[in-house]
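Notes follow the structure.
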Amino acid sequence: MSAAALWRRTREVIDDFVHSRLYIAFIAVVAYVLWTGENLLAAMAVLSVIAGIILIAVRDTVPLVPFVVMAPCVVHISEMPAELWQFALAIIPVLAGIVIHVACYRRNKIDRGAINLLPMAAFILALLVSGAFSSAPQDDMMGFVNVLYVGVLPFILYLFVRLYGEEKCRYGDYLAATMVIWGMLTAAQAFTVFAGALAEGVDIGSNSYVPRLGWGNSNVYPTVLMMCMPFNFYYMRKNAKWLLPAIALTAAEFVCTLYAHSRGAMIFTILVLVACVIAVTVYNRKNPHYWAVFAAVALGLVVTLTFFWDRIVEVLGNTFSDKMQSSGRDYLYIEAVDRFFENPLFGAGMGYLGFVNKLHIESGFYQLHSTVFQTIGTMGLVGIAAMLWLYIARYYTVFSRLTPLNVFFFVAMIGFEGYSLVNTSTFTGLPCLTVIYMFLAVMELDRSAQKGCILLGRTLKELAACGGGRWKKKRA
């Protein structure tokens with residue numbers, strides 16, 4: 001076998017693998033092992049090599065979705081343990097993969113189906129000009145980094161999926177499997193943290209207990225679980241054999257949310273579960289097996305509540321024992337309104353340092369803990385206009401084709417958007433916003449595929465060759 005034939009066969013094997021559920025599970029297992037190792041540099045190096053191989057061997061960028069979704073889950077520390085240059089070396093394989101991929105593979109043409117492209121670009125522009133003419137204290141470098149993190153990074157990943165995604169698998173099943181397995185990974189990490197706390201004699205039912213997974217605190221990881229739970233129900237409507245495993249996984253994820261002691265997460269998780277039950281019941285309304293399982297689960301829920309009622313009441317009582325004011329959100333919201341009236345057009349900026357509580361600067365970003373107040377306080381009227389355009393495009397994409405994927409994605413968004421009204425999720429680039437952007441890219445690809453085909457452009461090599469030909473002709 002020649003080298004070219006061997007490489008072609010290798011690419012075929014890798015291509016088949018990355019479009020399977022086994023690949024998604026593989027990424028989750030790798031992420032969990034690297035997370036337990038607590039060596040961020042080694043984790044980045046391993047992930048970089050895997051991503052580089054995929055980018056070089058496979059044109060389709062849809063398999064990057066599970067990779068990007070679960071890659072942040074390797075972080076199990078609060079501080080960077082190595083020098084910056086070491087991390088730069090660790091990401092060389094993925095950078096090489098990106099360069100080779102862009103140079104060698106034909107891109108998709110951006111057509112009218114890219115509904116979210118301009119709104120996302122406008123959002124980045126609004127982030128860049130935020131804080132102009134503001135007298136509020138700002139850190140320009142922090143603001144620039146936040147623009148990259150919240151605006152540019154998710155946009156680049158959306159664009160990469162949009163430009164090189166292919167119809168090589170059932171989009172709905174593939175993305176749903178990604179979310180289900182991501183939920184498994186997050187729940188496994190949460191239970192690992194709970195077990196460690198119990199081994200140390202910590203009362204995890206106390207409101208003073210704050211579980212931290214490294215990459216996600218007690219607000220972030222329940223948001224992830226809230227986004228993943230609806231896709232358990234996606235599989236429930238698909239096949240009766242998934243009913244019991246999906247219910248068991250959902251119950252485990254709910255327990256993880258319960259012990260996060262996050263009031264907002266608990267409220268919106270319950271709303272999401274109610275919406276999920278309604279949606280899956282509509283899909284299975286004529287399925288007698290579903291109704292039998294539904295009755296058995298309802299009976300099991302009653303029995304569980306009977307036996308564990310006191311413990312559940314104790315944990316919920318601890319979670320809701322103090323009112324909203326104790327979190328300082330009311331003062332933050334007043335602060336956001338003040339910054340808006342000081343500079344109505346551009347707000348206080350993404351580098352805003354804040355006045356009320358320095359503890360709300362998380363990862364170098366002064367969080368106002370609300371999509372609405374973060375927008376009006378730091379981005380002003382320009383930001384409000386950009387966000388409205390972004391949301392209109394987002395939900396036009398979702399409702400333009402009511403596939404099962406779109407329906408359960410919307411249910412996930414009920415929890416995400418609702419919780420984001422009192423939390424930081426909308427302005428969290430990784431993992432939340434990136435996941436949403438990549439889902440929207442795949443939904444757009446699906447619409448293009450259903451209309452006929454995904455139109456292809458030329459590679460950079462072909463463009464360079466054409467350009468060179470024109471130059472030679474002129475010279476001649």
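A donor atom on one side chain and an acceptor atom on the other are found under 3.5 Å apart for Y158 and E444. No hydrogens or angles considered: a donor-acceptor pair under 3.5 Å links the side chains of Y32 and T192. Checking Q189 against Y221 by side-chain atom types alone, no donor-acceptor pair falls below 3.5 Å. Between the side chains of D173 and Y234, at least one donor-acceptor pair of N or O atoms lies under 3.5 Å. In the model, E335 has a side-chain atom that pairs as donor or acceptor with a side-chain atom of Y352 under 3.5 Å.
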Determine, stepwise, if the pair E166 / R106 fulfils salt bridge (charged side-chain N to carboxylate O under 4.0 Å, His left out).
CA-CA 11 Å; E166 297 181 41; R106 297 179 72 187; over 6 Å; no

With side-chain hydrogen bond (donor to acceptor under 3.5 Å, both in side chains) as the criterion, how do Y419 and N219 come out once you've worked through the C-alpha distance, each side chain's angles and the decisive distance to 0.1 Å?
CA-CA 9 Å; Y419 189 29; N219 289 325; 2.9 Å; yes

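Residue R11 places its CZ atom among more than 12 non-hydrogen atoms of other residues, nucleotides or ligands, all under 6.0 Å distant.
Using cut-offs of 30° and 60° for the angle between ring planes, the Y23 and F17 rings count as perpendicular. Aromatic ring pairs are classed by plane angle as parallel below 30°, tilted from 30° to 60° and perpendicular above 60°; the pair F410 and Y395 is perpendicular.
Under the 6.0 Å cut-off for aromatic ring centres, F160 and Y164 qualify, their centroids lying closer than that. Proximity of the aromatic rings of Y333 and H369 is defined here by a centroid distance below 6.0 angstrom, and this criterion is not met.
Cation-pi geometry between R107 and Y105 is not met: the NZ or CZ atom fails to fall both under 6.0 Å from the ring centre and inside 45° of the normal.
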